[in-house]
Amino acid sequence: MCGIVGYIGPRDATPIVLNGLKRLEYRGYDSAGVAVVNDGKIEIRRDAGKLGRLADLVSQSPISGSPGVGHTRWATHGAPSARNAHPHLGATGKVVVVHNGIVENYLELKDELISEGVTFNSDTDTETIVHLVEHHQASGLGLVEAARKTFSQIKGAHGIVLLSASEPDKMVCARIGNAGGVVLGLGEGENFIASDIPAILEHTRRVIFLESGQMAIVTKDSIRVETLRGEELKPQTHAVAWDPVAAEKGEFRHFMQKEIHEQVRALTDTLAGRVDFDHGKIRLPELNLTPELAQRIQKIYITACGTAAYAGMVGKTLIEAIARVPVEVVIGSEFRYSDPIVDENTVVLAISQSGETADTLAAMEEGRKKGATVWSIVNAIGSQAMRVADGYISMQTGPEIGVASTKAFTAPLVDQYMLAILLADLRGTLDEKTRRALVADLRLVPDLVGRTMNREAEVEKVAYALKDIRDCLYLGRGINMPIAYEGALKLKEISYIHAEGYPAGEMKHGPIALIDETMPVVCIAPQDPWHEKMISQIQQAKARGGTVIAVATEGDELVAEMADHVLWVPAAPWRLSPLVTVIPLQLLAYHIATIRGLDVDQPRNLAKSVTVE
Ligand code: G6P
């Protein structure tokens, strides 16, 4: 979703802002713009389309100065066009705004402003912000006070940055609600604002995260964080360990391909320091799980969106099988509207790569309000979902840039497996032998995933065979049922092929009507407790003339005889099998999309981090 970068200091802001926006491209956007203060004037370049278009505009008609602010927009109000692209300038030409979020009461505010004679130059809700600021400035207020008054008038969740040509020594920014992050980067004689860390990582590793309900006045030498009422706060400075090189493509053609391959390393990192193989024990210190809490938990709600929700569905099977605690998975956008039955013996566990997904954060808030213990499994260090939780597990996968999530799917599977063992151990429901065996299986993970990855060339061949399909059905059972959902999601996200994931046993209740020679069926059929059942699904699909692509365990001749194509995976303990079955499906989607010549890292209409409801 919308990316924001701001710079103040002795250097020209334009290249710093453009470069920062480039690092946020993965978030998904449809227009982009930059504004700088130069000699008492604000200069803006903006247009619909990708950053390359903006860079061309800037090179044809250069601008320079400081401070400067840039934005990549993901349209909500008003089509993607030059006039709706941010930054938005006020009527005086002296104030400019960039914004992430939705001004929910903008129609009302706009009407009032129009009745005062203000002319609007865009269809956006954002433009109301800059006119309101100017309205307050007209009564004699400076930028900070005018901004403060404006922030109290707008409803909804926002990340906002304001610049004024009359006060070029500062940038004013705010975070209101959960419309994505606002990160302040501390430099030497220069400072930065961004919606996300990668934008500023090449300049500084020292950052402050604005919490909801906070604003900041950023000059080149100072950062003052305040409440929206103006009380000064003492924010914590965090040192970010992410390596900027980790966010480069390196030898790979796309971030998605790189991130698929990184799963071996990411999963090794997520185990590191947490698994004591000698004693068969798990340590998750940041979760703050005490024996007292473990024993009184009666229910766990897992809440998440998209890929993270499918990871949660695998987690449900793991936690219920290992810890025998009832788990319900509720999609983030549904949780707070479903009047969930939550009390102090309930845990609400949110899973989120970005830690900034608005619906997931709202679900966490709802859990908190109802007295639950709130946990998160989260990748982005310092994100809201990490900060507001009572305890968390950090995915340790490093930045994920490709919009279609891959390594942030497998890491939480391992995290939930570890959580299940720890929970069972603290509840005293796991005998030592079983616990040791479950822990010992984790040793296999890097090798299993690495061996699956080595079969990429075979997957690519199958991708060529399927490159022209229009629909695809994915079937799975038991712990691999969510892998059918995730495999289908990957394909539709990046190849725009209609794909549906289904519990295999439900095929006969509907989807079987669709099966013919034009509808391939991906059957996830590893050697797990549901293997036999999957064999009969394959037979049923074949009997209707369907092309079957089976994900099967190496050496499974029975499946090989029936299927048209086989995506082989190594034999794995069933509780860990989703880690290997999902990989060929990630690779299949990736190769089909690249063969079709599509932009896999930034698929149309999708955003990496969805910070609006
Ligand atoms: C967007 C992304 C998905 C992601 C989902 C949840 O839709 O495109 O890849 O799974 O958001 O994101 P989160 O950051 O909360 O895991």
Side-chain angles (χ1 to χ4, degrees), residues 260 263-264 310 314 317 406 409-410 413 441 444-445 447-466 469 472-491 499-507 511-512 515 519-592:
I260 291 173
Q263 288 175 106
V264 184
Y310 297 147
V314 178
T317 303
T406 52
F409 176 75
T410 44
L413 304 190
D441 281 347
L444 307 170
V445 167
D447 178 59
L448 286 173
V449 174
R451 279 163 57 204
T452 315
M453 214 67 78
N454 289 342
R455 289 183 167 270
E456 180 170 8
E458 295 164 23
V459 181
E460 195 175 356
K461 274 195 202 140
V462 179
Y464 271 100
L466 298 180
I469 59 171
C472 194
L473 186 62
Y474 286 68
L475 302 176
R477 282 192 89 131
I479 199 163
N480 278 295
M481 186 183 79
I483 302 305
Y485 298 155
E486 175 58 9
L489 178 64
K490 286 288 90 75
L491 188 68
E500 267 187 83
Y502 237 82
E506 280 286 290
M507 179 176 77
I512 200 163
I515 297 178
M519 170 71 114
V521 187
V522 176
C523 295
I524 303 154
Q527 296 280 7
D528 64 12
W530 300 271
H531 180 253
E532 254 179 53
K533 305 280 171 207
M534 282 306 302
I535 299 279
S536 68
Q537 307 301 334
I538 296 175
Q539 277 163 340
Q540 288 176 34
K542 280 308 300 169
R544 270 83 192 170
T547 302
V548 169
I549 301 99
V551 177
T553 304
E554 285 162 355
D556 188 339
E557 292 307 325
L558 189 59
V559 171
E561 264 171 40
M562 288 187 294
D564 298 271
H565 305 279
V566 184
L567 303 173
W568 293 112
V569 294
W574 72 264
R575 295 179 190 85
L576 295 173
S577 71
L579 291 172
V580 295
T581 54
V582 77
I583 287 168
L585 302 184
Q586 294 171 340
L587 288 168
L588 185 67
Y590 170 77
H591 284 293
I592 291 178

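This one's a predicted model, so the numbers in the text were calculated from it and none came from an experiment. Throughout, numbering of the chain's residues begins at 1 and tracks the sequence.
Formation of a donor-acceptor pair under 3.5 Å by the Arg544 side chain with backbone atoms of Gln540 is found in this model. Between the Asp564 side chain and the Ile549 main chain, no donor and acceptor come within less than 3.5 Å of each other. Using modelled atom types, no side-chain atom of Glu561 and backbone atom of Leu558 make a donor-acceptor pair closer than 3.5 Å.
Closest non-hydrogen pair, Gly478 versus Trp530, comes out as CA-CE2, 3.3 Å. Pairing each heavy atom of Ala525 with each of Asp556, the nearest pair is O-OD2, 4.3 Å. Of all heavy-atom pairs between Cys472 and Leu491, the closest is CB-CD2, 3.9 Å. Closest heavy-atom contact between Tyr474 and Ala499: CE1-CB, 4.1 Å. Closest of all the heavy-atom pairs between Met507 and Leu475 is SD-CD1, 3.3 Å. The minimum heavy-atom distance linking Ser577 with Ala572 is given by the pair CA-CB, 4.2 Å.
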I'd like to know whether Lys461 forms a side chain to side chain contact (heavy atoms under 4.5 Å, CB included) with His565, so could you lay out the CA-CA distance, the side-chain angles of the two residues, the decisive distance to 0.1 Å, and finally the verdict.
CA-CA 10 Å; Lys461 274 195 202 140; His565 305 279; over 6 Å; no
Could you go step by step and tell me if Val521 and Tyr502 meet the side chain to side chain contact (heavy atoms under 4.5 Å, CB included) rule?
CA-CA 10 Å; Val521 187; Tyr502 237 82; over 6 Å; no
Leu587 vs Glu460, test: side chain to side chain contact (heavy atoms under 4.5 Å, CB included). Steps then yes/no.
CA-CA 8 Å; Leu587 288 168; Glu460 195 175 356; over 6 Å; no
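Here CD of Glu554 is found 11.5 Å from CD of Gln527. Values are rounded to the nearest 0.5 Å. Atom CD1 of residue Ile515 and atom NZ of residue Lys542 lie 10.5 Å apart, to the nearest 0.5 angstrom.
Two residues are said to be in side-chain contact when any heavy atoms from C-beta on lie closer than 4.5 Å; Ile538 and Val559 meet this criterion. Side-chain atoms of Gln263 and Leu579, non-hydrogen and from C-beta on, never get closer than 4.5 Å to each other. Side-chain atoms of Val551 and Ile483, non-hydrogen and from C-beta on, never get closer than 4.5 Å to each other. At a threshold of 4.5 Å between non-hydrogen side-chain atoms, the residues Pro526 and Val580 do not count as touching. Using a 4.5 Å heavy-atom cutoff, the side chains of Val582 and Ile524 are not in contact.
Side chain to side chain, Thr406 and Gln586 fail the donor-acceptor criterion of an N or O pair below 3.5 Å.
Between Arg477 and the choices Met534, His531, Glu532, the side chain to side chain contact (heavy atoms under 4.5 Å, CB included) rule is met once, by Met534. Partner of Thr581 under the side chain to side chain donor-acceptor pair (under 3.5 Å) criterion, chosen from Thr452, Thr553, Asn480, Asp528: Asn480.
Using cut-offs of 30° and 60° on the angle between ring planes, the pair Tyr485 and Tyr310 is tilted.
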